[in-house]
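Report on the structure given below.
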Amino acid sequence: MKSFLTIKALRAALTKKEITPQESIKFFSARLQKYNPSLNAAIELFEPTELPESTSVNQKLLGIPGLIKDNISQKNRITSCGSKILSNYHAPYDATITKRLKTAGATILGRTNMDEFAMGSSGEFSAFGATCNPWSIDRSPGGSSSGSAAAVAAGLVPWAIGTETGGSVRQPASFCGLVGLYPTYGLFSRYGLVAFASSTDQAGPLTRTVYDNAYIASILSGHDAHDSTSIPKPSQDFTKYLTGDLPENITIGVLEEALDGEGIHPAVRSRFEEALKHLRSLGATIKPISLPDLKYGISVYFVLSRAEAASNLARYDGTLYGMRARDVKDLQDMYRKTRGEGFGAEVKRRILMGNYVLSASYKDAFYTKAMQVRALINRELENAFKEVDLLVSPTTPSLPFRLGVESQDPLAMYLADYFTVPNCVTGMPAISIPCGLSGEGLPIGFQFIGPRLSEPLLYQTAYAYEQSTDFHKLIPAGFE
Amino acid sequence: MVTFGTADIASIARLSGLDLSIEEQEAFARQLAEILTYTQQLENVSQQITAEPATTNVNEFREDKVVEFPNEKILENAPQTEDNAYFVVPRILQH
């Protein structure tokens, strides 16, 4: 079997019985065993002990295995969120999206590494070691869905699920040359997703092609009664929008900040400008658009996500599950020592900030203000979508971080989310796709952002661009 | 500019139920000051607008029906239990 087969190619091969589901699952399992030690993409690999018996592929993912991020519940598996505090916690149930993947016949081959509780942009804040970028192992694959991205980029599995709160699917997609979707808030159920910032958390597929991404998104989508923020619509098939052509007369707005390039790495800027030129050649009208409130996106995200995180992570206190500190004097001591020992520095930083912005003297200045500015950003984006069909920008301003370097400066790392947070805080979807490599061969991505429920338009546009370029065919060396 | 002393950090840490070492307190004081100073740019926004929730869903109720969940399952991840009915914790009140 060849490595780096897409879901589409695997489906074809399985349907024509060129390979059996069992062969396929064993093939990917072996690749994971071989290459995971050097990448540390998966915290734990699962032996595929229950191989499907049939060879008929009436289930959409039979014989097409994948990986799930360590903060998404898999029944009876450790779900540690990359943290020491949950390193012994076994999920008693499947997340809804896990269940949907299994019902579609998927074999899940492991749980992927991540920044602790999804708080990070490089994978370096995992309690289980950093993950390496297959394109350059001294570099980060991005975060917090570091392992999911690295595994797919190295062709160890054809798909993996990540989660995103402010950029944690799209930025790794960009760093690893993959396709990553942040869906409309509520499109995919959050039941079983360990909560970080409940008002922006969403799962997102990571794949090497747009078709594969739409294929997985279709399986995940659909209302779930267990998630009260779940959009009340049935699941849909996004692959049927992939005509290969851009929608007629499409107008795409490019953010002025993206054009003037300040703070953007020159290689990112060059690839992005080439992508714009290419879109024009395909028939898109590209116009510059000024959205002055977007620059507050990072600050809004800082405040709201950390406030929600402080609340969501209050439950990890050693009482009901997870780690408990030893030699404690009393209950309060147990809480403080457990959390002090069990959480890493980044998580603690965010909890402290969250409680600060919610505390009595500061709540109006920070939290209430941030909620209002979020509404302003929302209005600005909704108005923009009256003038243009989609927005376009680089996904992230930088090239993949060097491991051990950029993570020393928290604020600089946070600014990596500049282009991804505005649509996260407004619950609007966006897709990141590759647009080439830097001079030294590092992947660069760009993204389309759309109004709520515009996944069909996003997928169609992304597909038309992808199919008229070869970037989705590039693979890192050393993973044959 | 926002400034933070270790005393400020210690007080928020108490609210957050977190034990921090002196080194952590000092590092966090510096880092949080920097981040919060950046975040103060929100003060430049003067427009008034009503905040909105992240979802348009309202009152998503389920049937008021009890769903059983066995005690073993509930207790299976607990650090310390008793009689298959209790989570055991250290002393709560001092005499």
Side-chain angles (χ1 to χ4, degrees), chain A residues 88-90 92 185-186 199-200 225 228-230 232 293 296 298-300 302-303 310 314 317-324 328-337 339-341 343 345 348-349 351-353 355-356 359 365-366 368-376 378-379 410-411 414 427, chain B residues 2 4 8-9 11-21 24-25 27-29 31-32 34-45 47-63 69-70 72-80 87-94:
Chain A
N88 60 349
Y89 165 75
H90 289 79
Y185 182 76
S199 72
T200 72
S228 62
T229 60
S230 170
D293 286 339
Y296 299 114
I298 288 272
S299 297
V300 167
F302 275 172
V303 172
D317 62 9
T319 310
L320 306 177
Y321 40 64
M323 190 197 115
R324 178 186 289 189
V328 293
K329 299 195 316 267
D330 55 32
L331 189 70
Q332 289 295 328
D333 197 36
M334 178 187 84
Y335 293 158
R336 288 197 282 257
K337 280 213 172 76
R339 291 158 64 78
E341 290 169 28
F343 287 142
K348 287 193 247 196
R349 234 189 316 268
I351 291 174
L352 291 169
M353 178 157 166
N355 282 323
Y356 177 81
S359 62
F366 285 106
T368 308
K369 193 73 185 185
M371 285 292 281
Q372 292 181 331
V373 181
R374 171 193 226 165
L376 283 173
N378 187 54
R379 189 168 67 185
L411 186 55
Y414 296 154
Chain B
V2 176
F4 257 97
D8 300 309
I9 291 285
S11 125
I12 308 168
R14 219 196 67 249
L15 280 177
S16 307
L18 287 173
D19 257 5
L20 301 177
S21 67
E24 281 177 316
Q25 288 178 39
F28 290 156
Q31 290 158 353
L32 282 184
E34 201 190 339
I35 295 161
L36 285 161
T37 301
Y38 178 88
T39 311
Q40 275 189 319
Q41 62 169 203
L42 289 174
E43 287 172 12
N44 298 338
V45 183
Q47 295 118 294
Q48 291 299 309
I49 187 170
T50 319
E52 291 150 16
T55 177
T56 49
N57 291 1
V58 176
N59 291 345
E60 292 288 318
F61 293 132
R62 64 171 174 84
E63 231 187 293
F69 214 76
E72 294 78 36
K73 269 270 168 225
I74 296 171
L75 295 169
E76 84 183 353
N77 281 296
Q80 204 183 337
F87 292 96
V88 178
V89 295
R91 173 193 295 276
I92 297 172
L93 299 171
Q94 300 294 341

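A note on names: the letters A, B, ... follow the listed sequences, proteins ahead of strands, and every chain is numbered from 1.
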Quick one: of [options], who has the most non-hydrogen atom pairs under 4.5 Å with chain B?
{"options": "A:Val303, A:Leu376, A:Ile351, A:Asn88", "result": "A:Leu376"}
{"options": "A:Ala345, A:Ala225, A:Ala370", "result": "A:Ala345"}
{"options": "A:Ala310, A:Gly340, A:Ala365", "result": "A:Gly340"}
{"options": "A:Tyr335, A:Tyr414, A:Phe302", "result": "A:Phe302"}

Sub-3.5 Å donor-acceptor pair from the side chain of B:Asn77 to the main-chain atoms of A:His90, do we have one?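 Flag set: sc B:Asn77 to bb A:His90 pair under 3.5 Å.
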Atom pair [atom1] ([X]) and [atom2] ([Y]), whose distance is rounded to the nearest 0.5 Å:
{"X": "B:Arg14", "Y": "A:Asn355", "atom1": "CZ", "atom2": "CG", "result": "11.5 Å"}
{"X": "B:Gln47", "Y": "A:Gln372", "atom1": "CD", "atom2": "CD", "result": "10.0 Å"}
{"X": "A:Ser230", "Y": "A:Tyr185", "atom1": "OG", "atom2": "OH", "result": "10.0 Å"}

With respect to chain A, which residue among [options] yields the maximal number of heavy-atom pairs within a distance under 4.5 Å?
{"options": "B:Asn44, B:Ile74, B:Leu42, B:Leu20", "result": "B:Leu42"}
{"options": "B:Leu18, B:Val45, B:Ile12, B:Ile35", "result": "B:Leu18"}
{"options": "B:Leu36, B:Val89, B:Leu15, B:Ile92", "result": "B:Leu36"}
{"options": "B:Asn57, B:Thr55, B:Ile49", "result": "B:Ile49"}
{"options": "B:Gly17, B:Ala54, B:Ala13", "result": "B:Gly17"}

Name the region of [X], side chain, backbone, both or neither, that has any atom closer than 4.5 Å to a heavy atom of chain A.
{"X": "B:Thr50", "result": "backbone"}
{"X": "B:Phe28", "result": "side chain"}
{"X": "B:Glu24", "result": "side chain"}
{"X": "B:Gln41", "result": "both"}

Go through the steps for A:Tyr356 and B:Asp8 under the test side chain to side chain contact (heavy atoms under 4.5 Å, CB included), then give the verdict. CA-CA 10 Å; A:Tyr356 177 81; B:Asp8 300 309; over 6 Å; no
Could you tell me which portion of [X] (side chain, backbone, both or neither) has an atom closer than 4.5 angstrom to a non-hydrogen atom of chain B?
{"X": "A:Asp317", "result": "neither"}
{"X": "A:Thr368", "result": "neither"}
{"X": "A:Arg374", "result": "side chain"}

Under the side chain to side chain donor-acceptor pair (under 3.5 Å) rule, collect the residues that match up with B:Thr39, sequence neighbours excluded.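 Testing B:Thr39 for side chain to side chain donor-acceptor pair (under 3.5 Å), a comparison that skips the adjacent residues, returns none.
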A:Tyr321: which residues meet the side chain to side chain donor-acceptor pair (under 3.5 Å) condition with it, sequence neighbours left out?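 Side chain to side chain donor-acceptor pair (under 3.5 Å) list for A:Tyr321, sorted by chain: empty.
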Is the closest side-chain heavy-atom distance between B:Glu76 and A:Pro92 below 4.5 Å?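 They are in side-chain contact.
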Check step by step if side chain to side chain contact (heavy atoms under 4.5 Å, CB included) holds for A:Leu352 and A:Arg349. CA-CA 5 Å; A:Leu352 291 169; A:Arg349 234 189 316 268; 5.8 Å; no
Any ion pair linking A:Lys369 and B:Glu43 (charged N to carboxylate O, less than 4.0 Å)?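 Not counted as a salt bridge, because no side-chain N and carboxylate O are separated by less than 4.0 Å.
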